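Just so it is clear, the structure is predicted and the values come from calculations on it, not from any experiment. One-based numbering along the sequence shown.
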Amino acid sequence: MTVSSQNASALAPVFVRLKLSLIKNGLRQSGGRRAAYITSAVLALLFAALQLLGLIALRGNEHAGTLTVLLVALMAVGWTVMPLFFPSGDETLDPTRLVMLPLRPQPLVGALLAASLVGIGPLFTLCLILGSAIAVAHGAGAAVVAVLAVPLALLVCITLSRAVAAANTRLLTSRKGRDLAVLSGLVIAVGLQFVNFGAQRLGKSGGLSALDPVADVVRWLPPASAIGAVDSAGEGSYGQAVLQLLISAGALGLLLYAWQCSLVKLMTTPDGSTLAASDASRKESGGKGLTSLLPEGRTGTVMLRTLRYAWRDPKTKAAWITSLAIGLIVPALNALQGHGSVYFACFATGMLGMQMYNQFGQDTSAFWMVLLSISSTRDAYLELRARAFALLLVTLPYTLLVTAVTAGMLGDWTKLPEVIGLALALLGAMLATGSVASATLAYSIPQDSRKNVAPGQGGIAFLSILGGMVVSAILCAPMIALAIWLHVSGNHGSLWLLLPLGAAYGALIAWAGLKVAAPRTADRLPEILTAVSTG
């Protein structure tokens, strides 16, 4: 019997042993990795056990059904996005490694599914699903349904994760996939902001009863419908319970079919690395688009290079998108909660202004090419000024947008001119301090890890960012003092003057900062190259 003719039951033990071997060999690599794995496993299982006990304690609570179906739905979302953000977390997520073996997709699906049940994640999920089922299982009929619902919900979660991973394997192994993994921190940070906002709103609305309408919809969506079936059976609605079970079972069948189709495609279709470059990639370096809008000469060239770094380099892209997202979310959420202020819009300006710090660190070892193009203080000034212009190209319209959105949400349009003026003054101060910090406190940004600072340079990064922010606040003190004086003295009709004064003051401070940083940059080029190339 050839390997290709073996069924899933014959392949499953082989793949389970393979998964166990991968885990065991990974732990043998170092004592630190073994300690981290054991610690994380103990903490995860302890948390799962506590969650299991807490869910069991919910038995008899009127909102137990609402909480459990939403919890299982949230677990399904987590299993969906996990392979996209952490593609290296499980070495068996990449089925292309099995392409050269004589394996058919259909038995391979069953074997991979069996291997997927091995690990801390599936055990953690099982504990939560089991606790959810126990919390809503009332009566013998519900207990029978729970016996079917628990493994069904677990299989749907894991199959969903595998189907998503298989459908996006080519993406996850490409540069765009690495970008997506780096941006996982952004999604987590943004998600936490919305979770915090939702928790606050939930507390104000009177508890879990506010989630009942959402749960009424979610209980019909797989795999939450499996737990909904247990709840329905406990209430005596057996027909509804059967229908909800069938929905989860049907979803499992569709996911298995989609997973199999993805495996067929991966095993029979060559990837982009074996094909000729597409016409789009050949046209990429044309002289149209953004290039035609930028000034000619060194300024336009440096601006284009800086913007391309922001778009193509994973670490730089993550920093930019994080600043853009958090800078808008914080003032908007505070405005939605009713205790915000238009002045919170300055937070967005500060987030983007921080991108001016460590300008040369994003170049890494390629900074030597920039070094060769700087032979005088004038060259250094033009280099720094062009990088500041690239930042302004995004920051200026973004500042106006966030300020207008915040003012509109609060209905306080009268403060719009003064807030924009203060934001522009802050932006100019951060451009100035960022230029000086880039020249005197440069540090390396590792490209082969998720760390943003090379080992041994954490103190330099801390001093650069924190010191720059403190000095920026001091530089903005005259504009802040003027705004306070106009408010205290009752000269509200003159507050609009802060807009032109803030713009002029910010431009002046930024120019002065560039003038101070230029000679330091020209004199410290070898030191900067060494600093940004470390690690």
Side-chain angles (χ1 to χ4, degrees), residues 182 185-186 302-303 305-307 309-310 313-327 346-364 366-367 370 380-381 383-396 398-399 423-447 451-454 456-476 506 509-521 524-525 527-535:
V182 171
L186 166 65
V302 175
M303 289 179 66
R305 184 184 69 221
T306 302
L307 294 173
Y309 276 160
D313 180 66
K315 293 292 182 69
T316 308
K317 180 190 292 187
W320 271 84
I321 296 181
T322 300
S323 298
L324 289 169
I326 302 300
C346 294
F347 179 82
T349 305
M351 288 293 295
L352 277 186
M354 291 174 60
Q355 303 308 312
M356 190 63 190
Y357 295 88
N358 196 36
Q359 274 292 306
F360 304 127
Q362 67 182 3
D363 297 348
T364 62
F367 178 72
V370 178
Y381 172 78
E383 176 75 23
L384 288 169
R385 188 186 68 176
R387 292 177 184 244
F389 281 165
L391 183 63
L392 287 172
L393 196 63
V394 178
T395 307
L396 281 178
Y398 181 74
T399 297
L424 294 179
L426 174 62
L427 177 59
M430 298 194 77
L431 291 178
T433 56
S435 300
V436 176
S438 296
T440 57
L441 296 170
Y443 56 90
S444 176
I445 303 176
Q447 297 299 301
K451 296 180 179 179
N452 292 321
V453 183
Q457 294 185 331
I460 298 176
F462 178 80
L463 182 61
S464 172
I465 298 175
L466 182 62
M469 293 174 64
V470 172
V471 175
S472 297
I474 295 174
L475 291 175
C476 290
I509 291 295
W511 173 81
L514 292 172
K515 284 293 186 181
V516 172
R520 288 171 168 76
T521 301
R524 300 189 70 255
L525 288 174
E527 290 88 346
I528 294 174
L529 177 61
T530 302
V532 302
S533 301
T534 302

Practice item. Go through the steps for Leu525 and Phe367 under the test side chain to side chain contact (heavy atoms under 4.5 Å, CB included), then give the verdict. Key: CA-CA 9 Å; Leu525 288 174; Phe367 178 72; 3.9 Å; yes
Practice item. Show the numbers, then the answer: is there a side chain to side chain contact (heavy atoms under 4.5 Å, CB included) between Val370 and Val302? Key: CA-CA 10 Å; Val370 178; Val302 175; over 6 Å; no
With rounding to the nearest 0.5 angstrom, report the [atom1] to [atom2] distance, [X] to [Y].
X      : Y      : atom1 : atom2 : answer
Ile465 : Leu441 : CD1   : CG    : 10.5 Å
Ser438 : Gln362 : OG    : CD    : 9.0 Å
Phe389 : Leu431 : CZ    : CG    : 10.0 Å
Leu352 : Phe347 : CG    : CZ    : 10.5 Å
Ser435 : Gln359 : OG    : CD    : 7.5 Å
Ile326 : Ile321 : CD1   : CD1   : 12.0 Å

Review point. Side-chain contact, heavy-atom cut-off 4.5 Å: Ser323 with Met354?
Key: no
Which heavy atom in [X] sits nearest to a heavy atom in [Y], and how many Å separate them?
X      : Y      : answer
Ser464 : Ala437 : OG-CB, 3.5 Å
Val532 : Phe360 : CG1-O, 3.5 Å
Leu475 : Ala429 : CB-CB, 4.0 Å
Gly513 : Ala432 : CA-CB, 3.6 Å
Thr306 : Arg387 : OG1-CG, 3.7 Å
Leu391 : Met356 : CD2-CB, 3.8 Å

Exercise for review: Taking Tyr443 for its side chain and Asn358 for its backbone only, find out whether a donor-acceptor pair lies under 3.5 Å.
Suggested key: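 No, because the side chain of Tyr443 does not come within donor-acceptor range (under 3.5 Å) of the backbone of Asn358.
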Check your understanding: So with a 6.0 Å cut-off around CZ of Arg520, is the heavy-atom count from everything else above 12?
Key ->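 Atom CZ in Arg520 is not crowded, with 12 or fewer foreign heavy atoms closer than 6.0 Å.
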Practice item. Compute whether any side-chain donor of one residue and acceptor of the other, for Tyr357 and Thr433, lie under 3.5 angstrom apart. Key: yes
Practice item. Give a yes-or-no answer on whether the side chains of Thr521 and Glu383 include a donor-acceptor pair shorter than 3.5 Å. Key: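 The answer is no; no qualifying pair exists.
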